[in-house]
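Report on the structure given below.
Just so we're on the same page: letters track the sequence lines, and every chain starts at 1.
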Number of protein chains: 2
Amino acid sequence: MRKRATAREVADAAGVSKWTVIRAFTPGASIAEESKRKVLEAAAALNYTPNLLARSLATNSTHQVAVFVDDFANPQKLPFLETLTERLQAEGMVALLININTHFDHVHALLHADQRQVDAVILFGTAFRSETLSDLQLGRGTPPMFVLARDSQIEGVPAVTCDAELALREIVDHLFERGYRRPGFMTGATVLSTALRRRQHFVDFWKEKGVDDVSVFSAEKYSAEAGAEAARNYLKQTEPADRVDVLMCENDILALGAMDEIHGRFGLRVPHDIAVVGFDNYELCGSSAYSLTTYEQPRDEMVQIIIGMITGRLEPETVTLPGTLIVRKST
Amino acid sequence: MRKRATAREVADAAGVSKWTVIRAFTPGASIAEESKRKVLEAAAALNYTPNLLARSLATNSTHQVAVFVDDFANPQKLPFLETLTERLQAEGMVALLININTHFDHVHALLHADQRQVDAVILFGTAFRSETLSDLQLGRGTPPMFVLARDSQIEGVPAVTCDAELALREIVDHLFERGYRRPGFMTGATVLSTALRRRQHFVDFWKEKGVDDVSVFSAEKYSAEAGAEAARNYLKQTEPADRVDVLMCENDILALGAMDEIHGRFGLRVPHDIAVVGFDNYELCGSSAYSLTTYEQPRDEMVQIIIGMITGRLEPETVTLPGTLIVRKST
DNA sequence: CACCCGCTTGCACCCGGTAGCAAACAGAAA
DNA sequence: TTTCTGTTTGCTACCGGGTGCAAGCGGGTG
């Protein structure tokens with residue numbers, strides 16, 4: 001197994017010093033046309049490319065960005081990851097996909113990312129407590145952190161999110177206009193629900209409309225199955241007369257699970273008996289099987305902005321962007 | 001912004017040499033209990049952890065594995081990525097998620113991964129031509145490559161897949177037993193369809209049963225929308241009497257799109273008018289809205305094995321594993 | 001022809017670790 | 001006390017490049 005060629009070897013082959021080789025691979029470096037040509041020829045012959053590891057060590061910049069994800073049940077993560085990796089790669093960076101779970105928590109992950117000298121950390125939809133941060137004295141020297149698609153709970157850590165207040169206002173306005181008056185809200189894991197703020201805005205806006213009673217209940221986690229289970233429990237425990245006439249779910253995947261239970265198992269009609277609203281506009285929401293009313297986040301723009309902040313083109317600051325209400329047959 | 005502490009600084013603080021510091025962080029190294037304690041104390045005070053970048057440069061092993069993905073439309077990628085990242089992290093490695101697309105093709109990606117000195121490359125569901133490989137003279141010195149969830153088209157590059165032959169045999173047996181006699185098959189992008197071998201086996205096994213005529217048509221890409229479109233075109237162009245009585249789709253996401261068209265738009269009954277079969281057992285297949293018959297790949301085992309081969313515990317060789325037929329109401 | 005200036009090139013040193021050798025040290029055996 | 005052996009420690013060399021300085025080189029100018 002032949003090893004990679006080094007600048008030193010190319011230098012010998014081209015009859016120059018290794019520094020000249022390095023200059024040939026450094027855009028804007030001071031080097032004569034003639035030597036550059038010689039070097040590039042020798043490099044091509046030896047199949048040489050600079051070792052990014054060594055470069056990173058010397059320049060103190062790896063062009064690697066750690067992306068923390070703790071919820072793989074939401075299929076909406078995938079198009080986000082697609083956009084994110086594509087835009088990062090367009091900037092000459094790559095994503096380190098880090099799975100946050102019980103065996104590998106935020107603290108481990110942050111330590112690890114730090115040891116790998118990543119240029120930035122993106123908390124993609126994951127919540128992280130500032131207390132934990134200060135406990136570790138990681139405040140300084142830590143790679144810059146950014147929160148994507150969730151509110152930041154940490155002072156000084158900017159977040160790029162969809163404007164939850166605006167989104168929920170549009171949704172509640174729409175539901176009110178459609179005549180619904182007995183709203184319900186299904187959250188995912190309780191701990192995180194505050195981070196999304198969606199529930200609070202939902203409740204508040206209904207109150208503005210004079211509707212004080214919003215049924216709130218929670219699914220075990222963010223998955224279709226959990227959404228179905230939560231809906232089942234609710235329907236079992238609640239008399240038909242007492243039931244909500246519209247159920248908003250914290251995200252699409254919960255909503256799809258809930259719809260499935262409402263319509264498929266309980267035989268209720270959506271939206272006649274119970275209307276359903278989701279959040280994210282996952283691809284299958286548009287299918288005729290579901291036709292779920294939902295709210296689309298401005299994915300491309302969010303990613304664009306967070307990458308702008310990472311590369312330094314944009315000032316790091318919390319940004320909230322307006323999304324789009326997608327009205328379908330479920331309301 | 002304080003920089004990370006180095007071994008040198010810890011050494012000064014502890015009153016030893018930097019090599020002693022390093023030994024304190026090297027399991028099994030020869031170091032006195034007393035000095036180890038002193039070093040660890042000083043390290044804790046300075047918040048020191050070894051720089052993995054520098055270590056990688058010296059040891060020639062980064063503990064990073066590049067994962068190539070070129071199809072983010074299939075939600076089934078997500079649980080695979082979850083398992084993959086979790087298992088990699090349990091082994092002290094991390095995944096570099098690399099998006100293969102028209103702007104960043106396999107050649108770029110491989111070059112990039114090579115420059116980053118990754119320990120291995122996993123082609124996760126992506127096809128790569130061996131000609132391209134040899135064109136680049138990357139044969140030697142390239143990081144070891146493995147194909148996950150697709151057949152390997154490259155000599156010497158092992159693949160870990162679900163046994164397509166067995167899977168299709170079980171599926172065709174099941175369909176035959178249920179009485180279907182006019183099968184159809186929907187592929188995704190034509191170029192790749194051979195890589196999955198599913199279509200060929202499907203056709204072959206029907207031939208064994210005496211059914212020579214299998215309608216084959218293709219979706220533009222692997223997405224629900226493309227599946228719906230392909231189904232729509234087929235249904236438009238085919239007289240009801242000539243239509244297939246069962247449609248197998250190359251994967252679930254195509255099947256869900258197709259079902260949606262068949263049932264939702266055309267008002268045909270599944271499975272009475274046309275039965276549908278998918279492949280992967282994506283979470284929503286089990287929903288009562290779809291209840292799609294499909295085939296589940298042994299995800300955990302596949303990931304376990306590919307990681308075994310990467311870490312060297314297992315001999316690198318192509319492995320095909322049996323999956324599980326999941327019969328639901330769509331057949 | 002001397003001088004000055006700008007482009008090129010080589011060099012020492014640095015990034016933060018690792019590997020392997022050799023010296024220093026300690027305790028046990030002679 | 002000396003010798004031997006095993007542990008502990010420091011050192012040189014190295015992984016593959018990057019940085020800033022200074023010397024080399026060439027041509028234009030006075």
Side-chain angles (χ1 to χ4, degrees), chain A residues 1-40 42-43 46-64 112 114-119 141 143, chain B residues 1-40 42-43 46-64 92 114-119 141 143:
Chain A
M1 173 95 78
R2 199 186 58 201
K3 287 187 56 178
R4 292 171 51 84
T6 72
R8 174 69 212 225
E9 289 165 11
V10 176
D12 290 348
V16 296
S17 70
K18 78 164 191 176
W19 296 277
T20 303
V21 173
I22 286 167
R23 288 197 179 89
F25 283 89
T26 309
S30 157
I31 184 173
E33 273 308 314
E34 171 65 11
S35 347
K36 185 164 186 174
R37 193 188 50 72
K38 275 196 304 187
V39 168
L40 291 183
L46 291 171
N47 202 20
Y48 166 83
T49 46
N51 181 330
L52 294 185
L53 213 56
R55 173 177 294 176
S56 295
L57 180 60
T59 60
N60 207 26
S61 141
T62 53
H63 294 273
Q64 293 193 154
H112 189 94
D114 192 30
Q115 287 187 268
R116 292 219 182 257
Q117 308 276 79
V118 299
D119 287 353
Chain B
M1 173 95 81
R2 199 186 60 202
K3 286 188 59 179
R4 292 170 51 85
T6 72
R8 175 68 212 224
E9 290 164 10
V10 176
D12 291 348
V16 296
S17 70
K18 77 166 190 175
W19 296 277
T20 303
V21 172
I22 285 165
R23 286 195 180 92
F25 283 89
T26 310
S30 157
I31 182 174
E33 273 308 314
E34 170 65 11
S35 352
K36 184 164 185 173
R37 192 189 50 72
K38 273 195 306 186
V39 168
L40 291 183
L46 293 171
N47 202 20
Y48 165 83
T49 46
N51 181 331
L52 294 186
L53 215 54
R55 174 178 293 176
S56 295
L57 180 61
T59 59
N60 208 27
S61 139
T62 54
H63 294 272
Q64 293 194 152
D114 192 30
Q115 287 186 270
R116 292 223 183 253
Q117 308 276 76
V118 299
D119 287 353

Can you check the [X] [atom1] to [N] [atom2] distance for me, whole Å?
X	N	atom1	atom2	answer
B:Arg116	D:dG17	CZ	P	14 Å
A:Arg8	C:dG10	CZ	P	11 Å
A:Gln115	C:dG16	CD	P	14 Å
B:Gln117	D:dG16	CD	P	8 Å
A:Ile22	D:dG20	CD1	C1'	14 Å
B:Glu9	C:dC14	CD	C1'	14 Å
A:Leu46	D:dG16	CG	P	14 Å
B:Leu53	C:dC14	CG	C1'	15 Å

Any base atoms under 4.0 Å from [X], or only sugar-phosphate, or nothing? Heavy atoms, all strands.
X	answer
B:Ile31	sugar-phosphate
A:Phe25	nothing
A:Thr20	sugar-phosphate
A:Arg23	base
A:Ser30	base

* For residues A:Ala13 and A:Ala42, report the shortest heavy-atom separation together with the two atoms involved. => CB-CB, 4.1 Å
* What heavy-atom pair brings B:Gly92 and B:His63 nearest, and what distance separates the two atoms? ->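 Closest approach of B:Gly92 to B:His63: O-CB, 3.6 Å.
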* When only distance counts, do a donor and an acceptor, one from the side chain of A:Lys18 and one from the base of D:dG16, lie under 3.5 Å apart? -> no
* Kindly say whether, by distance alone, the side chain of B:Trp19 makes a donor-acceptor pair under 3.5 Å with the base of D:dT8? =>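 In this structure, the two groups form no donor-acceptor pair.
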* To do: May I ask you to verify if any side-chain N or O of A:Ser35 is less than 4.0 angstrom from the OP1 or OP2 atom of C:dT9?
  => yes
* Asked: So, is A:Arg55 close to the D:dG18 phosphate, meaning a side-chain N or O under 4.0 Å from OP1 or OP2?
  ->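 Yes, A:Arg55 has a side-chain N/O under 4.0 Å of OP1/OP2 on D:dG18.
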* **Polar side chain donor-acceptor pair, B:Thr49 to B:Arg4, under 3.5 angstrom** => yes
* **A:Glu33 atom CD, neighbour heavy-atom count above 12 within 6.0 Å** => no
* To do: Step through the shown structure and confirm whether more than 12 heavy atoms of other residues, nucleotides or ligands are within 6.0 Å of CZ on B:Arg37.
  =>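 Buried by this count: over 12 neighbours within 6.0 Å.
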* To do: Hey, which sits more toward the 5' end of DNA chain D by its nearest nucleotide, B:Ala54 or B:Gly15?
  =>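 Its nearest nucleotide lies further toward 5', so the answer is B:Gly15.
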